[in-house]
Structure formats: structure tokens, C-alpha cells
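Please read the structure below before turning to the comments.
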Amino acid sequence: MSPAGLCGLLLCALLALSFAALFIGYVPMSISDVGVALLSSGDTADAIIVREIRLPRVLLAWCVGGSLGVAGAALQGLLRNPLAEPGLLGISSSASLGAVIAVYFGLTTFSDWLLPVSAMLGAALATAVLYALARRSPSNLTLILAGIALSSLAAALTSLALNLSPNPYDVNDIVLWLLGSLSERSFNDLGIALPFIAAGMALLLGCARPLATLTLGEETAESLGVDLARLRGLIIVGTALCVGASVAVAGAIGFVGLVVPHMLRPLVGYRADQLLLPSAIGGALLLLLADTALRLLNGSQELMLGVMTSLIGAPFFLWLVVRSRHYRT
């Protein structure tokens, strides 16, 4: 299948699922009800549910899933490792730490904007460290080790905040944030994340041609004019913008950047440059599918989206590890 045909197929599936997600939920609606709610200018109950609750949730699934998918594809192309994903560099855990700090010190009582701003500042700090290392060291191994160190440090500080928090309500807020969710989000959240996600995705999609050359090896890529330090910097910054903004509005959602590129890679002939855009659309489709499935599950409390993606991604990750080990032996 050609990359254009794959993108078209994924986009059609995404649009169909997006429309279905508008009338699927606790309050069932018909297709005509959704159409009237979208087109009417009144403040009826159906219009509020569709325009103020379900539509922002669908659009955020597009943005968050798309950004995580393309970031995972770019990192796997850069590191030439199918097990790489955005959390590998410690950016997502650093963004989560920024959000936890905002909750721990009660900054959210002053303004709701301080939580996403703190999350993006955490991602920016991790990005600055990684960018400095990428410019000084030519080794991808150094980048991976630094990411693991940042991730471990952020996880330790997050655990420390949970351990020292004197308020059980703050602990509950922190835990729920770390589990990730798209529920109770509005167009304000979409407005916060969209500019950063758009900028990050533009940077990552612009790296398609150098990533294609990099598949020939670092020495060959450099001989063909690819600036590896600049490429690493662009992908790190693009990943930070995507992941930081996603964590800022949706919390920690893992494994999307791992699962989607790996599933789509055989369909594009294992070409890193042709994988970026399909991974963006596929990431949006997977996250919207998981979020819609959560709303279909009846229960006294809705499951968190990060839990669902981890339940899907963790076995898939284990399967990848076992299969790669089998190939080596």
C-alpha cells in the first residue's frame, strides 16, 4: 500500500470514529440529534453535551494521539530502534513532574493555567539538558542514557511529592493526573495545547528526508550532508513540544508512540520518512478508539485513559522485546 493510500484510509477511519464518538456516551444520541446540536445556536442539553463536552474531547484525542504517534516514529527513526518511544528521553516524566509540582504547592488555586504551564516548563527543562548533550556528544547512546536518568529522577521526585504531601486531596489529584484522561476537558485546554503541538509536529515532519538518509547509517548519512547534531536537536525539541503540551492537558499517556509506528511500519515498506504522517493519524485513531471504548464501559467510575493505553501497550512492548531477542538468537 502506498503511503498516501494508507494515510487516506487512516483518515477516513478517524473521521468516521470521530463522528461516532459524538453520539456515543452516557447520554445516547441519534445521528440527527448530533447534527442538530452541532448546527444549532441554542443552549439545549444536547447542544451543550456535544459542543462543550464531547467535541473538545474528540479534538484533543486528535492532537494528543497524533503528537505522540509522530514523536514515537521520529525517535524510532533517529535511534534506529523500534522499542524507542517519547517516554524514553524522560520528557514526558519531566512534564508530569512539572504538573505534580503545581498541584503539590497549590499553584492551581491561583489559576488553572499554571498546571499546563508548569508541565510545559518541566518538558522544556528536560529538553534543554538533552539538547545540550546532543550538541556535545555524537552518540545516540549518550542521549538514551541521559533520558533514562532524567526519567528516573523525575519519577523519584514525583514519588517524593506523593510521600510528603500533607493533603490527601492533593495526593488524589496527583495520582489521577498521572493516570491520564481526556474527560472534563474544554476548548480552553485545546487552545493551550494546539499551538505547541502544531509547532512540534511541523518540526518532526520536516525531519522526514534526513531520517530516510539516516537508515543507511550515521557515517553514510554524514557523507551525504546530514547534520546529525542538528537532526537530533530538531527531533528533541519537536518531541518536547508535542509531549509537553500533551501531558499538560491530558496527563501521562504512554505506549501510543511505541505501538502505532511499529504497527504501521510494515505497511510503508519500513521507510522512516514515510512513517511519520501515518503515525500521526494512527496515533489519533488509537487514542480516540481507546477513549471511546472507555465511555462505552458501564461502571460507577470511568477508567482512566492512561490505564487503558498501558494495558494495550505493555503486553505489546513485551512481545516486541521477546521477538527481537528471538531474532538475535
Side-chain angles (χ1 to χ4, degrees), residues 1-18 61-89 140 143 197-228 230-243 246 255-289 312-313 316-317 319-320 323-324 327:
M1 180 181 296
S2 67
L6 178 61
C7 288
L9 183 62
L10 291 172
L11 187 59
C12 289
L14 178 60
L15 291 174
L17 181 60
S18 300
W62 281 35
C63 293
V64 174
S67 64
L68 295 177
V70 72
L75 287 175
Q76 290 176 16
L78 173 67
L79 303 177
R80 288 173 294 166
N81 187 339
L83 302 181
E85 58 108 14
L88 181 67
L89 296 183
N140 284 333
L143 192 63
I197 288 177
M201 291 182 69
L203 286 176
L204 295 177
L205 291 173
C207 295
R209 183 171 295 179
L211 284 176
T213 308
L214 189 60
T215 57
L216 302 175
E218 292 186 0
E219 294 183 358
T220 303
E222 285 184 318
S223 67
L224 294 175
V226 175
D227 188 341
L228 293 181
R230 181 176 180 272
L231 178 61
R232 291 192 190 98
L234 289 175
I235 291 179
I236 290 171
V237 172
T239 300
L241 289 171
C242 289
V243 176
S246 298
F255 291 104
V256 174
L258 170 69
V259 173
V260 173
H262 190 82
M263 292 177 63
L264 298 178
R265 186 173 288 107
L267 301 179
V268 296
Y270 298 90
R271 292 187 55 181
D273 57 325
Q274 301 290 354
L275 184 61
L276 297 180
L277 185 56
S279 294
I281 304 174
L285 179 61
L286 176 63
L287 199 64
L288 182 58
L289 182 62
I312 297 172
F316 189 84
F317 182 81
W319 175 73
L320 284 180
R323 195 181 72 160
S324 63
Y327 283 159

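We count residues from 1, following the sequence as given. The analysis underlying the following values was restricted to heavy atoms, covering all of them including side chains, and did not include hydrogens, waters or symmetry mates.
Residues Leu216 and Leu224 are in side-chain contact: their nearest non-hydrogen atoms beyond the backbone lie under 4.5 Å apart. Side-chain contact between Pro3 and Leu277 is absent, with no heavy atoms from C-beta onward closer than 4.5 Å. By the 4.5 Å heavy-atom criterion applied to side chains, Val243 and Ser67 are not counted as neighbours. Residues Thr220 and Ser223 have side chains in contact (heavy-atom distance under 4.5 Å, counting atoms from C-beta outward). Put simply, the side chain of Leu14 reaches to within 4.5 Å of the side chain of Ile281, judged on heavy atoms.
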Requested in this report: Check the pair Leu211 / Ile235 against side chain to side chain contact (heavy atoms under 4.5 Å, CB included), numbers first and verdict last.
Outcome: CA-CA 10 Å; Leu211 284 176; Ile235 291 179; 3.8 Å; yes

**Report entry** Working for side chain to side chain contact (heavy atoms under 4.5 Å, CB included), residues Val268 and Leu6
**Finding:** CA-CA 8 Å; Val268 296; Leu6 178 61; 3.7 Å; yes

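Note: Leu17 CG to Trp62 CH2 = 10.0 Å, rounded to the nearest 0.5 Å. The CZ atom of Arg265 sits 4.5 Å away from the CD atom of Gln76 when rounded to the nearest 0.5 Å. Distance check: Leu258 CG to Ile312 CD1 gives 12.0 Å after rounding to the nearest 0.5 Å. From Leu205, atom CG reaches atom CG of Asp273 across 11.5 Å, with rounding to the nearest 0.5 Å. Here the straight-line distance linking atom CG of Leu286 with atom CG of Leu10 works out to 11.0 Å at 0.5 Å rounding. To the nearest 0.5 Å, the span separating OG on Ser279 from CG on Leu285 amounts to 12.0 Å.
Between Thr215 and Ala212, the shortest heavy-atom contact is OG1-O, 2.5 Å. When all heavy atoms of Leu214 and Leu78 are compared, the pair lying nearest together is CD2-O, 3.5 Å. Here the closest heavy-atom approach between residue Gly206 and residue Pro210 is recorded as O-CD, 4.3 Å. Considering all non-hydrogen atoms of both residues, Ile197 and Cys242 come closest at O-SG, 4.0 Å. Closest of all the heavy-atom pairs between Gly77 and Ala272 is CA-CB, 4.4 Å. Nearest heavy-atom pair, Cys207 versus Leu234, reported as atom, atom and distance to 0.1 Å: SG-CB, 3.8 Å.
Of the charged side-chain nitrogens involved, at least one lies within less than 4.0 Å of a carboxylate oxygen, so that Glu218 and Arg232 count as a salt-bridged pair.
For Arg80, the CZ atom is densely surrounded, since the number of other residues' heavy atoms within 6.0 Å is greater than 12.
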